[in-house]
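Below is one structure, written out as structure tokens, with a few remarks after it.
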Amino acid sequence: MNDIKHYINGQYVGSASGKLFDNINPANGRVISKVHEAGREEVDAAVQAAKAALRGPWGKMTLEQRTQILHKVADGINARFDEFLEAECLDTGKPKSLASHIDIPRGAANFKVFADMIKNVPTESFEMPTPDGTGALNYAVRRPKGVIGVISPWNLPLLLMTWKVGPALACGNTVVVKPSEETPTTTALLGEVMKDAGVPDGVYNVIHGFGGDSAGAFLTEHPDVDGFTFTGETGTGEVIMKAAARGIRDISLELGGKNAGLVFADCDMDKAIEGTMRSAFANCGQVCLGTERVYVERAIFDEFVTRLKAAAEGLKIGPPDDSEANMGPLVSLKHREKVLSYYQQAVDDGATVVTGGGVPDMPAELAGGAWVQPTIWTGLADDSAVVTDEIFGPCCHIRPFDTEEEAIELANSLPYGLASAVWTENVSRAHRVAGQIEAGIVWVNSWFLRDLRTPFGGSKQSGVGREGGVHSLEFYTEMKNVCIKL
Ligand SMILES: NC(=O)c1ccc[n+]([C@@H]2O[C@H](COP(=O)([O-])OP(=O)(O)OC[C@H]3O[C@@H](n4cnc5c(N)ncnc54)[C@H](O)[C@@H]3O)[C@@H](O)[C@H]2O)c1
Ligand SMILES: O=C/C=C/C=C(\O)C(=O)O
């Protein structure tokens with residue numbers, strides 16, 4: 001796809017304004033494609049198509065028919081696996097070895113899992129006595145919420161978009177998706193798969209563009225959208241929450257984090273190093289669940305720092321097609337500016353730069369890419385912006401602690417509460433610490449191990465609501481109680 005159009009009512013259409021923007025390959029800075037930018041007109045057409053489709057064949061299908069179609073969508077992604085892989089890696093620069101294991105398989109799984117779930121999760125019923133002795137029966141039914149606005153980010157584009165579209169469609173809704181302007185291609189490609197799978201026109205719509213004063217804002221301001229599901233920065237979440245308040249629309253927000261890893265002296269050091277390394281550097285550090293603050297018990301601090309440094313220096317930086325590369329570029333030069341500003345701030349704040357801190361030397365053909373070195377610091381104060389702000393780059397700060405209480409206090413010290421990783425072989429400590437951490441997800445001796453039936457989301461400023469398993473069904477349906485007097 002080198003001319004990326006909106007997908008509205010089952011057709012690829014351009015913008016009436018003729019406005020286009022460049023989709024850039026972050027590995028070399030070259031333009032991959034031109035993308036149509038939606039104005040209010042296209043956003044309205046997409047929302048109206050989605051609204052009409054609720055009353056069309058989609059709304060009349062049996063659950064069995066709908067879920068069979070969603071299985072075909074998953075099969076369709078798998079059948080075109082290589083195309084999705086190529087597109088995702090061109091847009092993001094991430095290694096194919098990563099996207100072929102995580103992004104694309106999860107794109108398919110997100111449809112299968114929720115199609116199966118909606119068929120198997122019961123709703124409740126209650127019998128009640130009445131004064132006349134005949135009684136009454138209450139039972140709950142699920143109904144689609146309506147038109148769902150899906151706004152997704154660039155770090156795991158297909159995975160995070162389908163994580164919302166899968167359950168939304170399983171529950172019988174229709175969607176208008178606004179993918180990130182940085183990574184429009186797989187969302188666009190999914191339109192073809194939807195068509196081939198027999199998803200009726202208007203059920204899956206895509207509009208491209210930016211956030212503020214563009215497609216994102218036009219979508220959240222549209223009164224005919226019944227609910228919004230958003231993944232992205234906390235600041236953007238606030239803006240979307242305000243927009244959703246008009247008309248009392250429901251929201252699900254999966255937002256930023258500044259996640260802590262707690263490494264106890266009784267950990268399995270090999271596992272802790274391997275896991276912390278992935279959590280800090282995988283996807284070039286652009287994972288909301290990633291660890292940017294590592295707290296290590298003093299007795300093993302020096303050894304941990306030395307070993308994580310060696311692991312970081314062993315990473316091979318390279319473009320998606322390099323089968324040995326395990327770290328790609330950042331998503332854009334603009335994002336690199338932000339990450340490098342924190343690299344500078346760390347130095348200004350007196351950090352010890354254990355490794356990295358700059359831009360790697362790359363061959364001439366990749367010189368225009370958004371490359372950055374994996375970076376580790378020690379020695380920063382707890383209130384340095386480097387330690388308190390989400391950087392979203394391949395970096396972490398490591399600080400020693402002396403007691404379990406101190407480690408927990410440090411982990412909980414920020415307004416974010418998305419994820420945490422605890423490394424200990426002491427099972428009592430694992431439960432004790434996990435129970436006290438203020439986060440939506442705590443991994444013990446692992447990281448990013450995902451069971452899609454589990455609640456997923458953030459506490460504090462890392463989000464509102466939970467998706468995953470029955471929690472997705474809760475968000476994407478209106479539960480209605482029917483009370484029958486017998
Ligand atoms: N909690 C999670 O599950 C999770 C998962 C992945 C990423 N994230 C977070 O996402 C962020 C990185 O993604 P990003 O930079 O794409 O986030 P972002 O908030 O800049 O953008 C996300 C999406 O929102 C759109 N948008 C921006 N402003 C908008 C507005 N005013 N109205 C409507 N839409 C608007 C963007 O165009 C994009 O599609 C990080 O903060 C990361 O932690 C969170
Ligand atoms: O960057 C954030 C990663 C989020 C992951 C998920 O939402 C998921 O695995 O479902």
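Every heavy atom of this structure was used, including side-chain atoms; hydrogens, water molecules and symmetry mates were not. We count ligands from 1, going down the list as the structure has it; atoms in each ligand are counted the same way.
Between Glu474 and Arg142 a salt bridge is recorded (basic side-chain N to carboxylate O distance below 4.0 Å). A salt bridge is defined here as a Lys NZ or Arg NE, NH1 or NH2 lying under 4.0 Å from an Asp or Glu carboxylate O, and Asp389 with Lys258 fails to meet this definition. Electrostatic pairing of Glu88 and Lys94 does not count as a salt bridge here, judged by no charged N lying under 4.0 Å from a carboxylate O. With respect to Arg249 and Asp226, no salt bridge is recorded, no charged nitrogen being found less than 4.0 Å from a carboxylate O. A salt bridge links Arg278 with Glu274: the distance from a Lys NZ or Arg NE/NH1/NH2 to an Asp or Glu carboxylate oxygen falls below 4.0 Å.
Of the inter-residue distances, the one linking Leu452 atom CG with Ser472 atom OG reads 9.0 Å to the nearest 0.5 angstrom. For the atom pair Ile441 CD1 and Phe448 CZ, the distance stands at 9.0 Å (nearest 0.5 Å). The OH atom of Tyr7 sits 9.0 Å away from the CG atom of Leu190 when rounded to the nearest 0.5 Å. A distance of 10.5 Å separates CD1 in Ile391 from NE2 in His397, rounded to the nearest 0.5 Å.
Near Arg450, meaning under 4.0 Å from any of its heavy atoms, are these atoms of ligand 2: 8 (C), 9 (O), 10 (O). Within ligand 1, the atoms closer than 4.0 Å to a non-hydrogen atom of Phe210 are 37 (O), numbered from 1 in the order shown. Atoms of ligand 1 found under 4.0 Å from any heavy atom of Lys178 (numbered from 1 in listed order, with element): 36 (C), 37 (O), 38 (C), 39 (O). For ligand 2 and Leu156, the ligand atoms under 4.0 Å from any heavy atom of the residue are 1 (O), 2 (C), 3 (C). For ligand 1, the atoms lying closer than 4.0 Å to a non-hydrogen atom of Gly212 are 28 (N), 29 (C), 30 (C), 31 (N). The atoms of ligand 2 that sit less than 4.0 Å from any heavy atom of Cys288 are 1 (O), 2 (C), 3 (C), 4 (C). Applying the 4.0 Å criterion to heavy atoms of Pro153 picks out, from ligand 1, the atoms 13 (O), 14 (P), 16 (O). Heavy-atom contacts of Leu160 reach the following atoms of ligand 2: 4 (C), 5 (C), 6 (C), 7 (O) (cutoff under 4.0 Å). Residue-ligand proximity, Arg106 to ligand 2, at heavy-atom distances under 4.0 Å covers atoms 8 (C), 9 (O), 10 (O). Residue Phe456 approaches ligand 1 through these ligand atoms, each under 4.0 Å from one of its heavy atoms: 3 (O). Each of the atoms 5 (C), 6 (C) of ligand 1 lies under 4.0 Å from some heavy atom of Leu160. Ligand-side atoms of ligand 1 in range of Leu418: 1 (N), range being under 4.0 angstrom from any heavy atom. Interface of Ala217 with ligand 1, defined as ligand atoms under 4.0 Å from a residue heavy atom, comprises 32 (N), 33 (C).
You'll find the side chain of Asp3 stays beyond 4.5 Å of the side chain of Tyr12, heavy atoms only. Side-chain contact between Thr220 and Phe228: present, with at least one pair of heavy atoms (C-beta onward) separated by less than 4.5 Å. Counting only heavy atoms from C-beta outward, the side chains of Pro157 and Asp91 never approach each other to under 4.5 Å. Counting heavy atoms from C-beta on, the side chains of Phe218 and Glu42 never come closer than 4.5 Å.
Of the protein's non-hydrogen atoms, the one nearest atom 12 (C) of ligand 1 is Phe392 CE2, 3.5 Å. Regarding atom 34 (N) of ligand 1, its nearest protein heavy-atom neighbour is Gly216 CA, 3.6 Å. In this structure, the protein non-hydrogen atom closest to atom 28 (N) of ligand 1 is Thr236 CG2, 3.3 Å. Taking atom 17 (O) of ligand 1 as the reference point, the nearest protein heavy-atom neighbour is Glu233 N, 3.4 Å. The protein heavy-atom contact nearest to atom 35 (C) of ligand 1 is Gly211 CA, 3.4 Å. In terms of protein heavy-atom proximity, atom 6 (C) of ligand 2 is nearest to Phe456 CZ, 3.5 Å. Counting protein heavy atoms only, atom 43 (O) of ligand 1 is closest to Glu390 OE2, 2.5 Å. Distance from atom 1 (N) of ligand 1 to its nearest protein heavy atom, with residue and atom name: Leu255 O, 2.6 Å. Looking from atom 5 (C) of ligand 1 to the surrounding protein, the closest heavy atom is Cys288 SG, 2.9 Å.
Ligand 1 has no N or O atom lying under 3.5 Å from any N or O atom of Ser462, backbone or side chain.
The option from Val239, Thr231, Asn259 that lies nearest to atom 6 (C) of ligand 1, judged by heavy atoms, is Thr231. The closest non-hydrogen atom to atom 15 (O) of ligand 1, taken over Trp163, Trp154, Phe230, comes from Trp154. When the options Pro179, Gly232, Gly256 are ranked by their closest heavy atom to atom 10 (O) of ligand 1, first place goes to Gly232.
A donor-acceptor contact shorter than 3.5 Å is absent between the side chain of Asn23 and the backbone of Ser33.
Under 4.0 angstrom from ligand 2, there are no non-hydrogen atoms of Thr231. When heavy-atom distances to ligand 2 are checked against a 4.0 Å cut-off, Asn155 comes that close only through its side chain, counted from C-beta outward. Only the backbone of Ser152 comes within 4.0 Å of ligand 1, counting heavy atoms alone; no side-chain atom from C-beta on gets that close.
The aromatic rings of Phe392 and His335 lie perpendicular to each other, with more than 60° between the two planes, well past the 30° mark.
In this structure, the ring of Phe114 has its center less than 6.0 angstrom from the ring center of Trp163.
In this structure, Gly463 falls outside the shell of residues with a heavy atom less than 4.0 angstrom from ligand 1. Ligand 2 has no atom lying under 4.0 Å from any heavy atom of Gln286.
Heavy-atom minimum distance, Ser413 versus Arg293: OG-NH1, 3.6 Å.
Between Glu221 and the options Arg40, Lys242, Arg246, a salt bridge (Lys or Arg N to Asp or Glu O under 4.0 Å) holds for only Arg40.
Distances from atom 21 (O) of ligand 1 to the protein include no heavy-atom value under 4.0 Å.
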